[in-house]
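One structure is given here, and the rest of the page talks about it.
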Amino acid sequence: MTNTLLNEIMTAFATIRLTDVLDILLVTFLFYKLITVIRSTRASRIAKAIVLFLLVTWVTSISRLNTLNFILSRILELGFIALVIMFQPELRRLLERLGSRTFRELVVAEEERSVDHAIRAVVTACESMSKSRTGALIVFERKILLDDFFKTGTVVDAAVSDELLRNIFFPKASLHDGAVIIRQDRIAAAGCVLPLSENQHLSSDLGTRHRAGIGMSEASDAVVVVVSEETGTISVAIGGMLKRHLAARTLERLLQAELESETGERKPATLYGRLRSRLGKKEEAHEK
């Protein structure tokens, strides 16, 4: 029995063609991108509901509940169109990223913008606002794009500076209640509304600003810096976890660790840049 099964497996592997491998890789890539789109938006609950709907349809099929299965099957036929309409912004963003980044990363060598200046400016501003007990909410965008949140605020597109951040969060400024979103080394938008965390186990002394920071870190891979208006303490939210009571130097080291590579340098943005970096390191090791 074991030998027969082993022979069947070996026969199946022997019949695999290069096109079959390519087919599997393409399907895997498409599923990966689809999961990325779902995770990068607030659509995870909808995705769970769709999976549940598919399971119910399957159960009605094997249970011979013909009428209910017929209705659910007809709904599924229209479901694809509904999904395209529902996820139209996310699908458009995915196509834009595929068109503008994938091929450029393979062929074009870009200069990677350093976030060192942005980190220093944020740390200086937070230290100043901490002393004056000025509330602040600063989001560092990473791989997951936060374009949807730009619509809730005002597009700025300005270089990050200590003065600009303090002016934005000045209590009488029109944008001080919202969040600042930093993309690479520029302030992309200000006055943005962030999703509040629904975690029931959060400390009761955390206000709306902290809950919004945690909520954003739960909904994306962003690094969120929060300055408390009541106590002046500096906190950072990452992956739904909040690190509180940070000193300026600790904040700087934490942001560098999260936003830069382990070596303290930004990772090259392109495939060409990464290859060039690795070749350079090999040449240095060879010379030594």
Side-chain angles (χ1 to χ4, degrees), residues 36-45 87-90 92-94 96-97 113 115 117-119 121-126 128-130 133-199 202 206-230 234-243 251 255 258-259:
T36 303
V37 169
I38 293 175
R39 288 187 59 189
S40 64
T41 65
R42 291 161 290 179
S44 57
R45 293 181 182 177
F87 294 108
Q88 185 266 337
E90 287 78 11
R92 186 183 68 245
R93 188 183 311 125
L94 174 61
E96 288 175 351
R97 292 174 66 182
R113 291 181 175 178
V115 295
H117 173 74
I119 290 175
V122 168
V123 171
T124 303
C126 288
S128 176
M129 290 186 289
S130 174
R133 294 194 177 183
T134 301
L137 191 55
I138 303 171
V139 180
F140 282 93
E141 180 188 68
R142 292 204 275 188
K143 291 183 179 179
I144 296 179
L145 300 181
L146 305 177
D147 293 353
D148 288 345
F149 297 99
F150 291 5
K151 303 172 186 176
T152 65
T154 302
V155 175
V156 178
D157 190 24
V160 181
S161 68
D162 164 33
E163 295 80 6
L164 180 55
L165 288 171
R166 287 190 286 112
N167 284 333
I168 290 175
F169 291 111
F170 182 69
K172 294 184 179 180
S174 59
L175 301 176
H176 80 282
D177 275 335
V180 160
I181 298 179
I182 296 176
R183 172 173 288 175
Q184 293 182 340
D185 60 352
R186 296 183 69 80
I187 296 178
C192 300
V193 179
L194 306 185
L196 297 180
S197 174
E198 297 181 1
N199 188 345
L202 294 177
L206 295 178
T208 304
R209 187 174 281 109
H210 288 85
R211 292 179 181 275
I214 297 172
M216 173 56 81
S217 72
E218 291 172 341
S220 70
D221 63 348
V223 177
V224 188
V225 181
V226 186
V227 180
S228 172
E229 188 175 10
E230 290 76 20
I234 301 173
S235 307
V236 172
I238 304 171
M241 303 295 292
L242 187 68
K243 301 181 180 181
L251 172 64
L255 292 178
E258 291 295 331
L259 301 173

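Here the structure is a predicted model, which means the values were calculated and not measured.
Counting only heavy atoms from C-beta outward, the side chains of S235 and K243 never approach each other to under 4.5 Å. Between I234 and V225 there is a side-chain heavy-atom pair separated by less than 4.5 Å. Using a 4.5 Å heavy-atom threshold, the side chains of L146 and M216 count as touching. When side chains are defined from C-beta on, R183 counts as touching F150, because their heavy atoms get closer than 4.5 Å.
V139 and A222 get closest at one heavy-atom pair: CG1-CB, 3.6 Å. The two residues A121 and L165 have their closest heavy-atom pair at O-CD1, 4.1 Å. The shortest heavy-atom contact between A173 and I168 is CB-O, 3.6 Å.
Qualifying side chain to side chain donor-acceptor pair (under 3.5 Å) partners for T134, counting only residues two or more places apart in sequence or in other chains: S132. Listed by chain and residue number, A158, I187, A190 satisfy the side chain to side chain contact (heavy atoms under 4.5 Å, CB included) test with V156 (two or more places apart in sequence, or in another chain). For R142, the side chain to side chain contact (heavy atoms under 4.5 Å, CB included) test picks out D221, V223, I238, E258, L259, with sequence neighbours left out. Applying the side chain to side chain contact (heavy atoms under 4.5 Å, CB included) test to A136 and every residue at least two apart in sequence or in another chain returns M129, F169, V227. With sequence neighbours left out, N199 forms a side chain to side chain contact (heavy atoms under 4.5 Å, CB included) with S197, H201, L202, E218.
Judged by distance alone, the side chain of H210 and the main-chain N or O of S228 form no donor-acceptor pair under 3.5 Å. Listed for the T152 side chain is a donor-acceptor partner under 3.5 Å among the backbone atoms of F149.
Atoms CZ and OG, from R186 and S161 in turn, are 10.5 Å apart once rounded to the nearest 0.5 Å. Distance CG/L206 to CZ/R211: 6.0 Å, rounded to 0.5 Å. Distance check, rounded to the nearest 0.5 Å: CG of L194 to OG of S217 gives 10.0 Å.
For residues 164-173, the salt bridge (Lys or Arg N to Asp or Glu O under 4.0 Å) pairs, not counting sequence neighbours, are D162-R166.
Screening V122, V123, T124 for a side chain to side chain contact (heavy atoms under 4.5 Å, CB included) involving C126 leaves a single residue, V122.
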